[in-house]
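Please read the structure below before turning to the comments.
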Amino acid sequence: IFAVQNCCDESNTVYSYILFTLYGLDFLTVLGFGANIIQNMTPTLLSYAFYVTVTLIYCLNITLVLWPLVTCHEEVGQITNYRLPILSP
């Protein structure tokens, strides 16, 4: 139990800024494709379908790829709050 918590703490200290930067860049990419949907220079159905598809792929990338990290963090928080009963002889 404590090994999982130490692993999460270690990965948080090492990778937190890297993940934050990658997440921010992906979010900016989604905003850019959203702006392309609004201001489309070639208003054809194919171009709208392309931009909507790419925007959905990036939104799924932002949410689904990092979801295991979120669930692991929540489980470690629940384990940390759990107190083991003291057994008396």
Side-chain angles (χ1 to χ4, degrees):
I1 294 172
F2 296 110
V4 173
Q5 183 181 8
N6 289 337
C7 179
C8 283
D9 289 340
E10 186 72 24
S11 64
N12 188 26
T13 57
V14 172
Y15 297 111
S16 63
Y17 292 118
I18 296 171
L19 287 175
F20 180 73
T21 303
L22 292 175
Y23 187 79
L25 291 175
D26 283 342
F27 185 72
L28 288 175
T29 303
V30 168
L31 288 179
F33 277 113
N36 280 333
I37 291 172
I38 293 170
Q39 185 181 7
N40 195 352
M41 297 306 237
T42 56
T44 61
L45 184 62
L46 185 62
S47 66
Y48 282 119
F50 171 75
Y51 286 127
V52 168
T53 304
V54 171
T55 304
L56 288 175
I57 288 172
Y58 269 101
C59 287
L60 289 175
N61 182 26
I62 288 174
T63 55
L64 293 181
V65 172
L66 297 177
W67 189 253
L69 295 175
V70 173
T71 56
C72 181
H73 186 273
E74 288 178 356
E75 288 179 11
V76 168
Q78 291 174 356
I79 291 172
T80 305
N81 292 335
Y82 179 75
R83 302 206 185 269
L84 294 174
I86 298 173
L87 299 175
S88 59

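Atom-to-atom distance recorded for Leu64:CG and Asn61:CG is 8.5 Å, nearest 0.5 angstrom. Between atom SG of residue Cys59 and atom CZ of residue Phe27 there is a gap of 8.5 Å, rounded to the nearest 0.5 Å.
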Please report, to 0.1 Å, the donor-acceptor pairs under 3.5 Å made by any side chain of residues 18-25, with sequence neighbours excluded.
from	atom 1	to	atom 2	distance (Å)
Thr21	OG1	Tyr17	O	2.8

Counting only pairs under 3.5 Å, give me each side-chain donor-acceptor contact of residues 42-58, with atom names and distances, residues two or more places apart or in other chains.
from	atom 1	to	atom 2	distance (Å)
Thr44	OG1	Ser47	N	3.3
Thr44	OG1	Ser47	OG	3.3
Ser47	OG	Asn40	ND2	2.9
Ser47	OG	Thr42	O	2.6
Ser47	OG	Thr44	N	3.4
Ser47	OG	Thr44	O	2.9
Thr53	OG1	Ala49	O	2.6
Thr55	OG1	Tyr51	O	2.6

- Task: Please assess Phe33 against Asn36 for the test side-chain contact (heavy atoms from CB on, under 4.5 Å), listing each intermediate value before the final yes or no.
- Result: CA-CA 5 Å; Phe33 277 113; Asn36 280 333; 4.2 Å; yes

